[in-house]
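What follows is one structure encoded as structure tokens, with my remarks underneath.
Every heavy atom of this structure was used, including side-chain atoms; hydrogens, water molecules and symmetry mates were not. Sequence lines set the chain letters: A, B, ... in the order given, protein chains first and strands last, and positions in each chain run from 1.
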There are 4 protein chains.
Amino acid sequence: MNDGIVNVGVIGTGMIGSLHAGILSGRINGARVVAVMDLDGDRAAAAAANCGGARVFADAGALIEAADVDAVLIASPDAFHAKGALACIAAGKPVLCEKPMATTRADAERILRAEIAAGRRLVQVGFMREYDRAHRALLDLLRSGDIGRALRFRGIHMNPYRSSHATVATVIVNSLIHDIHSARFMMGAEITEAFVRWVPAIPKDARSARYAIIHISFDSGAIGTLEWSGDSGYGYEVEVEITGENGAAGTTGVHSPILRQGGTRSQAITPDWPDRFFDAYVDELAAWTGSVLAGQATGPSAWDGYMSLVVAEACIKSTESGQPEPVAGMERPAMYLPRGA
Amino acid sequence: MNDGIVNVGVIGTGMIGSLHAGILSGRINGARVVAVMDLDGDRAAAAAANCGGARVFADAGALIEAADVDAVLIASPDAFHAKGALACIAAGKPVLCEKPMATTRADAERILRAEIAAGRRLVQVGFMREYDRAHRALLDLLRSGDIGRALRFRGIHMNPYRSSHATVATVIVNSLIHDIHSARFMMGAEITEAFVRWVPAIPKDARSARYAIIHISFDSGAIGTLEWSGDSGYGYEVEVEITGENGAAGTTGVHSPILRQGGTRSQAITPDWPDRFFDAYVDELAAWTGSVLAGQATGPSAWDGYMSLVVAEACIKSTESGQPEPVAGMERPAMYLPRGA
Amino acid sequence: MNDGIVNVGVIGTGMIGSLHAGILSGRINGARVVAVMDLDGDRAAAAAANCGGARVFADAGALIEAADVDAVLIASPDAFHAKGALACIAAGKPVLCEKPMATTRADAERILRAEIAAGRRLVQVGFMREYDRAHRALLDLLRSGDIGRALRFRGIHMNPYRSSHATVATVIVNSLIHDIHSARFMMGAEITEAFVRWVPAIPKDARSARYAIIHISFDSGAIGTLEWSGDSGYGYEVEVEITGENGAAGTTGVHSPILRQGGTRSQAITPDWPDRFFDAYVDELAAWTGSVLAGQATGPSAWDGYMSLVVAEACIKSTESGQPEPVAGMERPAMYLPRGA
Amino acid sequence: MNDGIVNVGVIGTGMIGSLHAGILSGRINGARVVAVMDLDGDRAAAAAANCGGARVFADAGALIEAADVDAVLIASPDAFHAKGALACIAAGKPVLCEKPMATTRADAERILRAEIAAGRRLVQVGFMREYDRAHRALLDLLRSGDIGRALRFRGIHMNPYRSSHATVATVIVNSLIHDIHSARFMMGAEITEAFVRWVPAIPKDARSARYAIIHISFDSGAIGTLEWSGDSGYGYEVEVEITGENGAAGTTGVHSPILRQGGTRSQAITPDWPDRFFDAYVDELAAWTGSVLAGQATGPSAWDGYMSLVVAEACIKSTESGQPEPVAGMERPAMYLPRGA
């Protein structure tokens with residue numbers, strides 16, 4: 001960082017890790033990928049080569065502690081996220097950790113307490129929708145006050161693939177966690193209650209999930225729904241709609257050409273998330289790199305990572321009890337200022 | 001009816017009654033308004049004059065029993081609906097009764113049992129959305145099987161006016177009853193559970209309703225939401241969206257010109273229900289008139305009127321318990337065939 | 001007409017004639033089809049039966065002069081239109097004549113002079129787009145003054161079928177005549193110049209027409225284009241867009257459900273004109289019937305029929321000269337008040 | 001360029017020059033602004049400071065010949081474009097020249113011949129729409145063959161400001177030149193004829209331009225229109241629609257949130273070109289920088305700059321003659337391969 005360039009170590013070089021590494025080395029002026037780690041050595045070596053010759057590590061801890069690594073990006077399997085984030089905090093290095101920050105509320109709280117003990121924000125969680133232009137344009141509109149106080153949040157998250165082996169609990173922690181964060185961030189409010197109903201993907205397996213609706217209440221008095229499909233039948237679509245006292249507003253994520261053909265007027269919907277959110281990943285990494293250089297974290301925080309898991313836990317409890325469940329997290333520590341609308 | 005014309009008596013000549021009477025006398029080939037009744041004699045006289053000289057009654061019972069009245073349209077205040085419908089059944093006369101068919105489940109059951117005892121359908125309930133072209137086009141699409149089995153129903157019902165004095169219970173029975181019926185009809189399934197959350201219109205009056213979401217489950221395994229606003233901030237909008245296994249489809253109720261002006265591209269939304277549903281009322285009355293002439297009821301039935309109130313009752317109970325509540329109506333009597341998708 | 005019912009005679013019982021006859025006898029309160037005529041006697045008999053037993057004529061002139069025929073609807077082949085309209089004027093009977101009113105400017109002028117000599121409007125030309133709700137909503141918006149003085153007219157007329165044998169001249173007189181009238185009516189101005197370019201349907205036949213653009217100028221100073229396809233590749237679409245000094249506005253003719261499926265978000269476009277304009281035909285016939293009963297013509301006039309042919313003639317001349325051609329009709333006779341925006 | 005970084009000199013630091021310089025120095029990995037020139041020394045100094053200390057030149061020729069300037073960006077007033085481009089060719093330096101490449105056809109031809117004499121492409125013209133994602137997505141769709149051979153091009157170019165002092169000739173060379181290039185590029189065909197009609201901005205000044213339509217024909221047999229407004233009354237909008245044998249497709253440039261408020265459903269339209277095309281400028285400069293590093297020009301060429309002026313000249317002639325005018329450029333030199341669809 002002495003030369004105004006952040007030397008990044010990337011842990012995990014699967015689909016999302018490679019995407020991040022490629023963007024960091026090819027598109028972000030102030031970043032350089034100097035180290036990569038993956039249990040699959042060949043995959044790590046390929047990613048290192050794509051980044052112009054980064055060092056390959058076999059051990060995540062060693063990468064985190066390497067002297068020439070200024071900051072760390074964790075894109076490993078979910079189970080490692082918490083351990084990796086804690087090691088980064090221990091090493092005093094900024095870390096961009098993919099969502100979910102942990103797989104349990106307890107682990108998330110551990111990270112939060114470690115960061116508080118460290119006395120400064122080091123963790124950014126990979127809730128990249130904050131950087132999506134459609135979301136930002138809606139947020140600008142909300143902040144303008146034009147539609148007044150928000151009464152209702154609607155999160156739409158339609159996936160294109162059959163994920164029939166996923167349980168509703170996995171879906172909540174791994175996929176709906178994005179929508180939980182969006183709801184909190186876009187509304188600038190905390191979720192206080194969650195109630196879940198879903199349609200199974202496999203009729204005989206009641207806990208498999210094909211389509212789910214989470215009903216949420218906010219501490220602002222607003223209410224909302226998170227709507228999720230594991231197999232939309234048409235493509236990938238993420239949208240947010242917010243109803244305020246003086247009107248309603250929503251994102252528009254479909255920008256493809258209008259085609260008239262064969263009896264219809266149509267627009268192509270993005271097939272999957274890499275197409276839909278590529279720009280958001282670029283902007284996320286640019287913002288994160290800038291915040292590392294400035295020594296001042298700005299993006300989704302460990303508090304956001306923790307609270308999203310607290311909500312997820314209430315959601316899972318609701319899937320078991322069949323009732324609405326209260327969301328009870330700790331008080332927001334002073335270190336974490338309110339963000340969002 | 002000897003001359004192929006249905007002689008209709010209209011009870012209630014307020015806004016909706018006058019609308020019906022005007023359509024019946026001016027636009028429906030096979031109908032004639034021969035009698036009107038209203039407690040407000042002047043209003044009744046004015047309506048009678050608009051229909052080319054119908055007789056004015058001061059008593060609803062007398063109108064129902066009048067020898068020259070072939071069929072009755074009830075558009076009186078809600079509290080009279082049940083009594084009027086029962087009198088029509090007793091007189092053996094077809095009746096188009098505005099929604100709700102009754103104000104309580106017990107009264108609705110009374111009507112249902114009376115009609116069963118009469119041995120034939122005489123009652124049609126004024127769920128006019130069934131006749132709206134946007135709804136019918138969506139229903140056609142569902143019936144084509146194109147999007148497969150329905151997984152999710154979404155009902156959107158945004159009103160333009162501040163109805164701040166209405167309690168959530170009133171809103172459910174008087175306004176959301178439309179959406180309850182739409183959900184049952186469009187899905188071709190019965191609702192089995194309801195869970196309600198709402199934002200008060202008056203902060204200090206927790207039971208006043210500004211915005212409400214009802215979460216519903218269906219006996220088909222599908223789930224859904226009914227979304228209602230008492231004051232949208234922008235106009236009147238009723239839409240239905242249905243997600244199936246192989247895609248999703250929704251109505252489009254906004255048909256106004258596209259205007260580019262002052263920095264925006266916009267379309268006007270209908271200001272209120274008379275504009276939005278005028279055609280549906282015409283088609284409803286044409287279909288009802290035809291069914292009376294044919295001696296064969298076809299539209300929303302007493303069963304629909306009853307079940308919508310059973311669901312409404314569960315919704316109200318949920319507003320009191322704060323929990324999801326089961327919907328438990330009687331078994332569908334054989335006389336009422338399944339309708340809808 | 002003594003009993004407030006117009007007894008209509010229908011000449012021509014092909015596709016459009018049958019459509020008109022069916023609407024008149026089944027949907028229009030004040031009309032009755034009492035006579036039909038077609039060279040194809042079987043077809044005429046079938047149409048008569050569908051109208052509840054109208055008399056069948058083998059001769060158009062006899063039908064027009066029949067004592068019990070109050071008014072005439074001409075839906076015969078184009079070549080007969082002028083002769084039929086002249087006979088109706090001679091008989092003093094109101095006539096709704098399908099477009100084009102004549103096939104030549106000379107014949108159109110003959111009708112115009114005959115009607116002027118008769119001293120009152122008897123002829124309405126079947127430019128049914130005037131009765132289309134999308135067109136009317138746009139006209140209302142224009143008349144409100146909201147977008148100011150019109151600077152530019154755009155007429156879009158896409159047909160779904162291969163009409164590869166039609167010459168550009170035939171296309172102008174038979175199909176683009178609708179758009180010529182729309183331009184005049186929606187703009188409330190006369191066309192003063194026309195310039196035509198087209199893409200042949202058959203490469204070796206330069207006068208066949210697949211796609212055509214007519215550039216027009218108006219006496220108001222505005223300019224515009226009429227855009228026509230003989231084979232859109234996707235369905236039937238008719239739209240109008242008008243740019244004013246303070247904004248722009250256009251019709252929206254696609255009202256079908258929004259379908260998300262197979263990678264796209266789409267809406268079905270009406271396959272052909274009977275679907276797109278059925279309501280307009282109903283409203284046209286209701287308005288015409290009303291105007292006959294009132295003894296006061298209101299719809300598209302013989303002047304409109306004449307002027308559309310004068311413009312068509314200039315268009316055809318431009319296809320021959322390759323140059324813009326002036327439109328030179330007679331002065332508008334006082335009997336024909338300005339209509340449209 | 002020895003270190004893989006292109007050292008750019010920027011001539012002209014007005015609105016568009018500053019925009020380019022800011023993007024080059026802040027967003028493009030492989031570019032650095034080392035020199036700026038402007039007749040307004042203060043403005044030049046400010047721009048130099050914004051680029052991290054570029055050298056300030058008072059003379060464009062000196063900047064072009066400076067040893068440490070690898071490539072030149074010309075964003076000076078139009079009148080200097082040709083002279084600057086010629087100097088760059090003489091110096092053997094790649095140049096990105098803002099549109100129009102020259103203000104007369106003769107000057108454009110001079111550049112073209114100089115580049116041909118130089119034996120390799122050095123000139124890229126600033127037709128940045130080629131880099132706009134909406135245009136690229138449409139081009140991808142065309143290239144897929146999905147809608148077949150193109151029959152019709154429609155270019156829409158609506159400006160937000162009153163430019164009432166501009167003559168139609170100025171508008172053609174300075175603003176519609178973008179649309180002329182788009183038509184050629186998107187259609188992959190040369191324009192062979194142009195016919196212009198327009199509405200004056202100032203009623204008494206017939207050559208002032210408020211709204212213009214250019215009718216064009218292509219050597220592929222297709223036809224089209226370029227539609228331009230100097231004051232749309234609503235914002236800035238650039239769209240392209242292409243009708244093919246098997247369907248039609250068009251860009252969608254409006255991506256703002258959908259807002260429901262005050263009786264309408266609306267989306268904000270970008271107020272002006274810097275908002276609409278910022279991303280296109282970034283992508284243009286990234287592509288140009290990459291092409292300079294690769295030593296292989298790829299973007300809009302001197303041939304495109306020349307042909308757009310040849311077409312513009314025919315357009316201007318048509319505004320004088322009132323007739324369609326043929327477009328007669330030289331044969332395409334072998335050095336310039338076909339580009340576009």
Using a 6.0 Å cut-off, check whether atom CZ of C:Arg27 has over 12 heavy atoms from anything other than its own residue. no
Next item on the list: Can you establish whether the number of heavy atoms outside C:Arg133 located under 6.0 Å from its atom CZ is more than 12?
Entry: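 No, because the 6.0 Å sphere around CZ of C:Arg133 holds 12 heavy atoms or fewer from other groups.
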Do C:Arg260 and A:Glu237 come close enough that some side-chain heavy atom pair is under 4.5 Å?
->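 With C-beta onward as the side chain, the pair touches.
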- Within residues 262-270 of chain C, which positions have a heavy-atom distance to chain A below 4.5 Å?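 Near chain A, by residue number: C:Gly262, C:Gly263, C:Thr264, C:Arg265, C:Ser266, C:Gln267, C:Ala268, C:Ile269.
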